[in-house]
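Below is one structure, written out as structure tokens, with a few remarks after it.
No experiment lies behind these values; they were computed from the predicted model shown. Atom set for the values below is all heavy atoms of this structure, side chains included, hydrogens, waters and symmetry mates excluded.
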Amino acid sequence: MTAPRPAAPPAEPRPPVAVTRLDGSPAAPGDLAALALYNYGHFTTLRVEQCRVRGLGLHLRRLADDCRTLFGTDPDTATGLTDGVRAALRRVARAHEAPLTVRVTVCATDTTLEGPGTAAPTALLSTRPAATAAPPPLRLTAATYVRDLPEVKHTGLFGTLRLRADVRRRGFDDALLLDHDGHVLEGTTWNICFWDGTRLLWPRGRALPGVTARLLRDAAAEAGVPVGDAPLTRAGLGSLRAAFATNAAFGVRPVARVDEVAFAQYAPDDDVTALTATLTDRYADVPGEPL
């Protein structure tokens, strides 16, 4: 295995995250206690810019679908969740000129070790400045790990955050998740696709159906880039020419390598350079939906 780069020096302490209710008031201890103690809930993360959000409808549909899965209730009938979230995002957007990354978390305040109670689920917002500069290509290492209920964007992040912390101590940026048969699934908090020289391929397996991945897939197809799904294995990564991670926070991010497989070995590669520009530009051109 090719040695990763040396671990980065410790980062500066991060400021505390402000969590609010949908009406903008600060979250009270009672709003957070069940989530902190039992970590049962779901969320979506989106980028708010100029009172618009790429894939807003998909994010709201995710919140509704995951609420039914985890809490067995229709969030709009029970709490008007979708309208409340949209109004809260609109208020936050109007108060900030700069782009924001916003997380909407849904939980039930009466959750105990017995599970969620009868209280209607509630939503909380947390915000942070959105990245403005393109991040460097990712250096990944593969790890066997299948998230619980991977189709849901749930708050059970212990396993993936532990993996991320571990691989960063070893000098990598993040982990690429595999199932127990060595099939590629997803990243810790992002999706991934690969270019085989002909098609842009998403791994076939149990993974989160990412909003950014969906938007990129559609944008690539509209640009004439063939797209598809395929069973991809760790052992077969060396035959692929490029890889891209996707999520709402950073958009489209090239992958430099997975362990000893260095996609940069194809550089200079005019086809990959052109594809990278096409994907990043087409995703940037996806129009945001108005709040």
Are any side-chain N or O atoms of [X] and backbone N or O atoms of [Y], one a donor and one an acceptor, separated by less than 3.5 Å?
{"X": "D110", "Y": "T118", "value": "yes"}
{"X": "R168", "Y": "D173", "value": "yes"}
{"X": "T280", "Y": "T276", "value": "yes"}
{"X": "H154", "Y": "D148", "value": "yes"}
{"X": "T155", "Y": "H42", "value": "no"}
{"X": "R91", "Y": "L22", "value": "yes"}
{"X": "E151", "Y": "A207", "value": "no"}
{"X": "D31", "Y": "A28", "value": "yes"}
{"X": "N247", "Y": "F250", "value": "yes"}
{"X": "D259", "Y": "A142", "value": "yes"}

Run the numbers on R234 and H183 for side chain to side chain contact (heavy atoms under 4.5 Å, CB included), then give the verdict.
CA-CA 6 Å; R234 168 67 183 82; H183 291 94; over 6 Å; no
Qualifying residues under side-chain hydrogen bond (donor to acceptor under 3.5 Å, both in side chains), relative to R253, sequence neighbours excluded
none
In terms of side-chain heavy atoms, does T44 have a donor or acceptor partner in H59 at a distance below 3.5 Å?
yes
Check [X] against [Y] and note the closest heavy-atom contact, atom names and distance.
{"X": "V225", "Y": "L200", "value": "CG1-CB, 4.2 Å"}
{"X": "L56", "Y": "L291", "value": "CD2-CD2, 3.7 Å"}
{"X": "R139", "Y": "A256", "value": "CG-CB, 4.3 Å"}
{"X": "A220", "Y": "V227", "value": "CB-CG1, 4.0 Å"}
{"X": "V167", "Y": "A175", "value": "CG2-N, 4.0 Å"}
{"X": "R54", "Y": "V286", "value": "NE-O, 3.3 Å"}

Any non-hydrogen side-chain atom of [X] less than 4.5 Å from a side-chain atom of [Y]?
{"X": "L216", "Y": "V252", "result": "yes"}
{"X": "T20", "Y": "P26", "result": "no"}
{"X": "W202", "Y": "L232", "result": "no"}
{"X": "T122", "Y": "V106", "result": "no"}

Does a sphere of radius 6.0 Å around CZ in R214 hold more than 12 heavy atoms from other residues, nucleotides or ligands, not counting ones at 6.0 Å or beyond?
no
Rounded to the nearest 0.5 Å, how far apart are [atom1] of [X] and [atom2] of [Y]?
{"X": "T105", "Y": "L63", "atom1": "OG1", "atom2": "CG", "result": "9.0 Å"}
{"X": "L149", "Y": "R206", "atom1": "CG", "atom2": "CZ", "result": "6.5 Å"}
{"X": "R62", "Y": "L208", "atom1": "CZ", "atom2": "CG", "result": "5.0 Å"}
{"X": "R47", "Y": "R52", "atom1": "CZ", "atom2": "CZ", "result": "15.0 Å"}
{"X": "C193", "Y": "R199", "atom1": "SG", "atom2": "CZ", "result": "13.0 Å"}
{"X": "T188", "Y": "R164", "atom1": "OG1", "atom2": "CZ", "result": "3.5 Å"}

List the steps and the verdict of side chain to side chain contact (heavy atoms under 4.5 Å, CB included) for L177 and L163.
CA-CA 10 Å; L177 307 186; L163 272 176; 3.7 Å; yes
Given the rule in the side chain to side chain contact (heavy atoms under 4.5 Å, CB included) test, do L237 and L176 qualify, once you have shown the distances and angles that lead to the verdict?
CA-CA 12 Å; L237 293 184; L176 177 66; 4.1 Å; yes
Determine, step by step, whether D196 and F194 satisfy the side chain to side chain contact (heavy atoms under 4.5 Å, CB included) criterion, reporting the C-alpha distance in whole Å, the side-chain angles of both residues, the deciding distance to 0.1 Å, and the verdict.
CA-CA 6 Å; D196 68 354; F194 297 86; over 6 Å; no
Report the residues that fulfil salt bridge (charged side-chain N to carboxylate O under 4.0 Å, His left out) with E222, sequence neighbours left out, ordered by chain and then residue number.
none
Does F71 have its ring centroid less than 6.0 Å away from the ring centroid of Y40?
yes
State plainly whether the residues D65 and R61 are in salt-bridge range, i.e. N to O under 4.0 Å.
no
Would you call D166 and R162 a salt bridge, taking side-chain N to carboxylate O under 4.0 Å as the test?
no
Would you check, one step at a time, whether the test side-chain hydrogen bond (donor to acceptor under 3.5 Å, both in side chains) holds for D271 with W195?
CA-CA 10 Å; D271 290 342; W195 172 249; over 6 Å; no
